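Reminder, nothing fancy here: chain letters follow the sequence lines and each chain counts from 1. A quick note: this is a predicted structure, and the numbers were derived from the prediction, not measured.
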Amino acid sequence: MTPQELAAQIARILSTIIDGRALDDDASLTVTEADTQVERPRNRDHGDWASNVAMKFAKRLGENPRVLAEQVATEIAAIDGVASAEIAGPGFINITLDAASAGETARVIVTEGSQYGRGAALEGQHIHLEFVSANPTGPLHLGHTRWAALGDSLSRVLRAAGAEVTNEYYINDAGAQMDKFGRSVLAAALGEPAPEDAYPGEYIHELGAKVLEQIPDLAAQAAEDRAAALSLAQEAAYQQQLAEIKDSLERFNVHFDVFFSERTLHTAGADGTPSPIEGSVDRLREQGHVYEDDGAIWVRTTTFGDDKDRVFTRGNGIYTYFAADAAYYLSKKDRGFGEKIYLLGADHHGYVGRLTAIAGAAGDDTERDITALIGQLVNLNGAKLSKRAGNIVELDDLLEWLGSDALRYWLARYPADSPLSLDGEKLRSRTNDNPVFYVQYAHARTRAVDRNAEAAGIDRSAFEPAQLTHDTETELLGKLQQYPAIVAGAADLREPHRIARYLEELAADYHRWYDNCRVIPQGEDPVTDLHRTRLWLNDAAGQVIRNGLDLLGVSAPERL
RNA sequence: GCCUUGGUAGCUCAGUGGAUAGAGCACCGCUCUCCUAAAGCGGGUGUCGAAGGUUCGAUUCCUUUCCAGGGCACCA
């Protein structure tokens with residue numbers, strides 16, 4: 001009996017009861033499983049699961065919660081697998097399961113394997129997830145790591161809930177920043193002094209050297225035609241930098257389905273069709289949201305809650321960044337995505353109003369079709385990192401220093417809107433200070449037990465869940481049963497950190513169980529069905545930790 | 001000024017209207033002839049920033065307010 005099944009049963013019971021009252025109550029009350037979700041009481045004296053439906057519905061039925069609870073509890077107690085259902089406090093129904101019914105979960109988990117915890121709550125949804133989208137004018141650094149870890153984990157969680165998700169990286173490969181980047185690299189390659197506004201950082205010189213390798217006669221070309229040489233150098237540096245970014249992301253176990261080039265938005269079709277940007281201003285104009293003022297072309301974004309209208313085309317005829325944003329949004333819409341999620345740093349939260357307005361101007365539902373997740377920036381030992389300042393801490397350096405697992409886990413275990421500090425010393429320490437080790441250790445323990453069990457001749461030929469009665473066993477089983485709801489909740493709220501927090505609790509329950517309940521008999525004691533049954537539970541715990549870590553993009557090692 | 005996100009134990013932080021608000025760290029003890037002691041067990045700590053409101057019930061929702069971070073371009 002899983003909590004989901006229990007909730008479904010309670011929904012049926014409550015519906016029947018309410019139908020019986022409908023004679024003298026015209027209120028049309030419908031009961032959904034969302035209303036009848038049971039929760040795990042903090043205090044185990046309150047049973048395995050608790051329901052608050054009596055308090056929720058008593059008022060709408062005009063009844064005393066405890067009286068309603070009494071009636072519901074009687075029905076619950078009659079469910080197969082339920083040992084008791086008792087009324088407590090203002091109207092809680094505390095439910096205790098038969099040990100066999102609770103223990104059955106262990107076998108379910110082992111049978112379902114990597115599928116355990118996956119659901120269909122978001123089935124049919126085609127979600128677009130854009131994150132990182134760092135300019136290809138430099139290496140990924142600390143400022144990008146949080147979104148990389150969070151975005152990749154979020155997409156895994158959404159997929160686990162049944163959604164179809166496309167991870168996309170928007171490459172800002174057009175515009176003034178790219179020009180500046182090109183000039184910086186060209187100067188470095190030719191050994192010239194850096195331009196006034198050049199990008200700082202040693203990597204510019206490294207890129208310059210690589211460009212020179214590819215174009216040995218760059219100096220001669222520059223002497224002949226500076227603009228052409230600049231263009232060549234810029235393109236070579238861009239391709240090199242983008243390749244390095246992709247490489248870093250792969251090593252961070254972050255996967256993108258699409259790298260979307262901003263240039264394609266500026267490029268007209270070979271057959272003379274207008275560029276996506278040109279096309280988008282016309283499309284917005286058709287919707288009636290475009291006007292001209294003072295030589296510029298504006299979009300009336302204030303219609304959709306933006307705090308000011310935005311310029312699409314400047315007085316000098318050049319498109320603004322907003323124009324590209326609008327065209328990009330329309331591209332996502334045209335490609336058939338429903339919800340478009342943007343992961344943005346708090347330093348970009350001023351964009352939310354205009355992005356939302358674009359969705360509205362495009363005729364989309366600003367509530368349903370666009371989501372902006374704003375996150376706080378990462379600190380490193382208290383010092384915030386800025387690319388402009390030149391003191392770059394690169395993702396590659398962090399990976400080498402801390403490893404992908406520790407970094408991924410740490411970045412994913414906090415809510416996005418919570419400030420986060422990366423403490424290198426803590427992340428390198430192999431103690432409880434570093435929760436990824438705690439969780440991975442629990443997993444490695446399950447594998448060690450599995451290996452030792454096999455060596456001791458303990459197999460899974462018996463499964464007697466009624467024997468799983470130790471306090472630590474009911475705790476562990478209860479935790480394992482919660483996993484599908486945790487995944488569904490994390491997906492629904494777009495909060496992958498809930499997976500990490502859950503895993504830490506699960507690991508603690510597993511460690512406690514390990515210390516109290518042996519899978520392998522001591523000394524000359526015989527192997528019993530209890531040991532065999534516990535092997536199922538051990539494997540179930542390992543499976544769930546593995547499934548959860550996978551959602552975070554963190555490995556589940558066989559040994560530590 | 002406007003928008004936005006925080007304020008929870010000594011520290012770092014969890015906590016999607018429920019019962020006595022939790023974890024790790026730090027501090028003091030305890031547990032390995034036996035599956036990994038990178039573990040477990042025991043010991044105490046809170047005006048949930050403040051004040052109102054909604055509710056059977058508020059750390060959670062609403063309003064006001066104090067403090068802190070971030071943002072408010074015909075930049076990208």
Side-chain angles (χ1 to χ4, degrees), chain A residues 37 39 41-43 45-46 50 52 55-56 58-59 64-65 88-92 94 135 137 172 174-180 262 293-298 307-308 310-322 324 345-353 374-377 379 384 413-421 423 426 429-435 437-438 440-442 444-453 455-456 458 472 489-490 492-493 495 497-498 500-501 504-505 507-508 510-523 525 531 534-535 538 559-560:
Chain A
Q37 288 303 312
E39 62 177 35
R42 199 176 301 282
N43 185 340
D45 293 341
H46 296 148
N52 62 3
M55 289 176 290
K56 270 187 181 165
K59 184 162 190 179
N64 180 321
F92 289 103
N94 294 332
N135 285 0
T137 55
N172 295 124
Q177 291 298 318
M178 281 300 286
D179 294 342
K180 191 168 100 175
E262 182 191 346
D293 185 42
D294 202 17
I297 297 173
W298 298 70
D307 53 354
K308 62 188 70 167
R310 304 291 166 177
V311 172
F312 193 98
T313 310
R314 281 186 262 165
N316 58 12
I318 296 174
Y319 293 113
T320 62
Y321 204 80
F322 172 78
D347 55 338
H348 283 70
H349 104 265
Y351 291 18
V352 175
I374 303 298
Q376 296 295 312
L377 304 179
N379 295 282
K384 274 179 297 183
R413 83 183 281 266
Y414 297 95
D417 50 17
S418 168
L420 187 160
S421 289
D423 184 333
K426 182 175 285 188
S429 71
R430 308 195 128 211
T431 69
N432 273 3
D433 243 5
N434 196 354
F437 285 106
Y438 185 74
Q440 285 185 317
Y441 178 51
R445 251 188 172 173
T446 67
R447 302 307 301 147
V449 167
D450 202 70
R451 288 189 296 270
N452 293 331
I458 301 168
T472 62
D492 183 43
L493 297 166
E495 292 185 345
H497 77 276
R498 289 171 185 277
R501 300 295 171 158
E504 289 165 33
E505 293 176 17
Y510 176 78
H511 285 308
R512 272 192 283 276
W513 173 72
Y514 174 91
D515 273 357
N516 284 279
C517 300
R518 298 188 56 88
V519 173
I520 294 152
Q522 293 188 45
D525 292 350
H531 296 114
R534 281 177 174 165
L535 182 60
N538 176 76
R559 313 180 145 79
L560 282 185

(Q) Quick test of the criterion, 5.5 Å between centres and less than 30° between planes. Is A:Y438 stacked on B:A38 or not? (A) no
Q.
At under 4.0 Å between heavy atoms, how does the protein contact nucleotides 4-17 of chain B? Give one character per nucleotide, 5' to 3', with B, S or -.
A. SSS------SSSB-
(Q) Could you identify the nucleotide paired to B:C41, looking across every strand shown and requiring Watson-Crick or G-U wobble geometry with both distances under 3.5 Å? (A) B:G29
Q) Considering all heavy atoms of both residues, which atom of A:I458 and which atom of A:P521 are nearest to each other, and what is their separation? A) CD1-CD, 3.8 Å
Q. Do the side chains of A:L535 and A:D450 get nearer than 4.5 Å, heavy atoms only?
A. yes
Q) Does the side-chain ring of A:H46 sit on the six-membered ring of the B:A19 base, less than 5.5 Å centre to centre and under 30° in tilt? A) yes
Q: Measure the distance between the ring centre of A:Y514 and the centre of the six-membered base ring of B:C35, then answer whether it is under 5.5 Å with planes under 30°.
A: yes
Q) Mind checking who B:C72 pairs with, Watson-Crick or G-U wobble, both distances under 3.5 Å? A) B:G1
(Q) Can you confirm whether A:W513 sits close enough to A:N538 that some side-chain heavy atom of one is under 4.5 Å from a side-chain heavy atom of the other? (A) yes
Q.
For a 4.5 angstrom cut-off between non-hydrogen side-chain atoms, does A:E262 reach A:M178?
A. no
Q.
As a test of the definition: with a 90° window around 0 for syn, would you call B:C30 syn or anti?
A. anti
Q: Check whether any side-chain heavy atom of A:T320 lies under 4.5 Å from a side-chain heavy atom of A:R314, and answer yes or no.
A: yes
Q: Determine the Euclidean distance between corresponding C1' atoms of B:G24 and B:G70; express it in Å to zero decimal places.
A: 28 Å
Q) With both distances under 3.5 angstrom, what nucleotide forms a Watson-Crick or G-U wobble pair with B:U20? A) none
Q) Over how many whole Å does the gap from A:D307 atom CG to B:C72 atom C1' extend? A) 7 Å
Q: Please name the pair of heavy atoms, one in A:L560 and one in A:Y441, separated by the smallest distance, quoted to 0.1 Å.
A: CD1-CA, 3.4 Å
Q.
From NZ of A:K308 over to C1' of B:C2, roughly how many Å is that when rounded to an integer?
A. 10 Å
